[in-house]
Protein chains: 2
Amino acid sequence: MKGSSRPREGSGSAQVSGPTATLAAYIQERGLKQSRQRERIAQSFFAMGGHVTVEQLVARVRRDDPRVSVATVYRTMKLLAECGLAVARQFGDGQTRYEASAGRDHHDHLICTACGEIIEFANERIESLQEVVARRHGFEVESHRLELYGRCARCRPPGRARPEARP
Amino acid sequence: MKGSSRPREGSGSAQVSGPTATLAAYIQERGLKQSRQRERIAQSFFAMGGHVTVEQLVARVRRDDPRVSVATVYRTMKLLAECGLAVARQFGDGQTRYEASAGRDHHDHLICTACGEIIEFANERIESLQEVVARRHGFEVESHRLELYGRCARCRPPGRARPEARP
DNA sequence: ATGCGTGCAAAATTTTTGCATGGGG
DNA sequence: CCCCATGCAAAAATTTTGCACGCAT
């Protein structure tokens, strides 16, 4: 249940302009402090890619550092969200998911109700129409959220390819 | 707009075929039982209209019947959702909201981030484009969710009229 | 009489917060 | 050195579940 195909940031060796650098800058500007935990959490988060639940992130971080507390992960993700490196998403399953957003354009989501795969997409036409609709009601749009739930190609009953064994 | 939705049930005379009747039918068909609580909860829910949180609903129901438990309200709303009279909505605020859906067409939401007002809208063009996008990714859409967050006419900074004083 | 519904409370989930301690700047 | 960050656990907030009892059918 993953599968994002996002272009990797310059994962070169001496590259310093990645999200980690942005976080460091943000931390310094605000007189906050860096820490092993924050670095680990951020690193794991960006390494995981996709749309990560706190639970998943905690598990991953603890693989390297078993004593990191859930609270710290929550607090750090809030930090990442504040400085624009992550976005919190609520798909209707009761778990907040975080998504890396460094320098990424806005996009919406296609979510497979069978295998859970999450695909991102963007559509200018839809965005425009949203503006039109909003204006029609006197609204000024600040943000929006569009999620399409359904069956992905592999999970579709009629087509071919087995639905991953979970109807 | 669709064919003037909500035909006011002019047909039967003695038969009140509103949502309450649908619930009663559903209850009987399934061998379930009616109860004072269920009636009160359903009645309050439909009377309130809009997008109601369980908390609000509980408060309202208890105004008439202080001993109704939260659990019963949850269970009853689940029942209403099962028989298609209500729909559970998750706007990102951590509270499940229920919305009456008897005979209503699909629609999406405009949500004011200042006063919390929720406006419904429907747009065929957007729906069509959603299908196109989904198909392009091999998805078959089962449902979707579109929410536009922003400032309603009254809450817009530049314009006039006061923001109702409730964030 | 049978079994569903209810209230109450405990449990389960998910996220936040208080507090004492330790470490970064 | 001072303040921030962390861990731990308790607290919150929301929703579910177990249980015994009572009422509707």
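The sequence lines fix the lettering, A, B, ..., with proteins before strands; numbering per chain opens at 1.
For the ring-ring contact (aromatic ring centres under 6.0 Å, His included) test, residues two or more places apart in sequence or in another chain that qualify with His107(B) are His109(B). Take Arg60(B) and apply the salt bridge (charged side-chain N to carboxylate O under 4.0 Å, His left out) test, not counting sequence neighbours, and it matches no residue. Evaluation of the side-chain hydrogen bond (donor to acceptor under 3.5 Å, both in side chains) rule for Ser69(B) yields Thr72(B) as partners, not counting sequence neighbours. In this view, Arg89(B) and Glu99(B) satisfy the side-chain hydrogen bond (donor to acceptor under 3.5 Å, both in side chains) rule, not counting sequence neighbours. Considering only residues two or more places apart in sequence or on other chains, Ser143(B) meets the side-chain hydrogen bond (donor to acceptor under 3.5 Å, both in side chains) condition with none of them. Take Glu117(B) and apply the salt bridge (charged side-chain N to carboxylate O under 4.0 Å, His left out) test, not counting sequence neighbours, and it matches Arg154(B). For Arg30(A), the side-chain hydrogen bond (donor to acceptor under 3.5 Å, both in side chains) test picks out Tyr26(A), with sequence neighbours left out.
Under the 3.5 Å distance criterion, the side-chain polar atoms of Glu39(A) are left unmatched by any main-chain donor or acceptor of Arg36(A).
Atom pair Met77(B):CE and dT16(D):P shows a separation of 12 Å (rounding to whole Å applied). Leu57(B) has its CG atom 14 Å from the C1' atom of dT15(D), to the nearest Å. Distance, Leu80(B) CG to dG5(C) C1': 15 Å, rounded to whole Å. One atom, CD of Gln28(A), and another, P of dA5(D), lie 13 Å apart when rounded to the nearest Å. Rounded to an integer number of Å, the gap from Ile27(B) CD1 to dA24(D) P is 14 Å. The CZ atom of Arg67(A) sits 12 Å away from the C1' atom of dC8(D) (whole-angstrom rounding). Atom CZ in Arg38(B) sits roughly 11 Å away from atom P in dT25(D) (whole-Å rounding). Summarising the geometry, the separation between CD on Gln37(B) and P on dC23(D) is reported as 11 Å, rounded to the nearest angstrom.
Against DNA chain C, the stretch residues 85-96 of chain B makes no heavy-atom approach under 4.0 Å.
Each end of the helix from dA1(C)-dT25(D) to dG25(C)-dC1(D) gets its own axis from five base pairs, and the two axes differ in direction by 20°, given to 10 degrees.
Ion pair Glu140(A)/Arg156(B) flagged as a salt bridge, since at least one NZ, NE, NH1 or NH2 atom sits closer than 4.0 Å to an Asp/Glu carboxylate oxygen.
Taking 4.0 angstrom as the limit, Thr72(B) places none of its side-chain polar atoms (N or O) nearer than this to OP1 or OP2 of dG5(C). Between Lys78(B) and dT16(D), a side-chain N or O to OP1/OP2 separation shorter than 4.0 Å is present. Phosphate contact (OP1/OP2 of dA5(D), side-chain N/O of Arg36(A), threshold under 4.0 Å): absent. Regarding contacts with the backbone of dA5(D), every side-chain N or O of Gln34(A) stays at 4.0 angstrom or more from both OP1 and OP2. Tyr74(B) has a side-chain polar atom (N or O) that falls below the 4.0 Å cut-off from OP1 or OP2 of dT15(D). Between dT6(D) and Ser69(A), no contact under 4.0 Å exists linking OP1 or OP2 to a side-chain N or O.
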Enumerate, atom names and distances included, each donor-acceptor pair closer than 3.5 Å involving a side-chain atom of residues 91-98 of chain B, sequence neighbours excluded.
{"residue": "Asp93(B)", "atom": "OD1", "partner": "Gln95(B)", "partner atom": "N", "Å": "3.2"}
{"residue": "Asp93(B)", "atom": "OD2", "partner": "Arg97(B)", "partner atom": "NH1", "Å": "2.6"}
{"residue": "Thr96(B)", "atom": "OG1", "partner": "Gln90(B)", "partner atom": "NE2", "Å": "3.0"}
{"residue": "Arg97(B)", "atom": "NE", "partner": "His51(B)", "partner atom": "O", "Å": "3.4"}

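Side chains of Arg125(A) and Ser128(A) form no contact here, defined as non-hydrogen atoms less than 4.5 Å apart.
Closest contact between the side chain of Leu32(A) and the listed nucleotides dC4(D), dG5(C), dG7(D) involves dC4(D).
Applying the ring-ring contact (aromatic ring centres under 6.0 Å, His included) test to pairs two or more places apart or on separate chains, those with a residue in residues 124-148 of chain B are His106(B)-His144(B).
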Atom pairs under 3.5 Å: protein N/O with N/O of nucleotides 18-23 of chain C:
{"residue": "dG23(C)", "atom": "N2", "partner": "Lys33(A)", "partner atom": "NZ", "Å": "2.9"}

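Within the nucleic acid shown, Val70(A) has no heavy atom closer than 4.0 Å to any nucleic acid atom.
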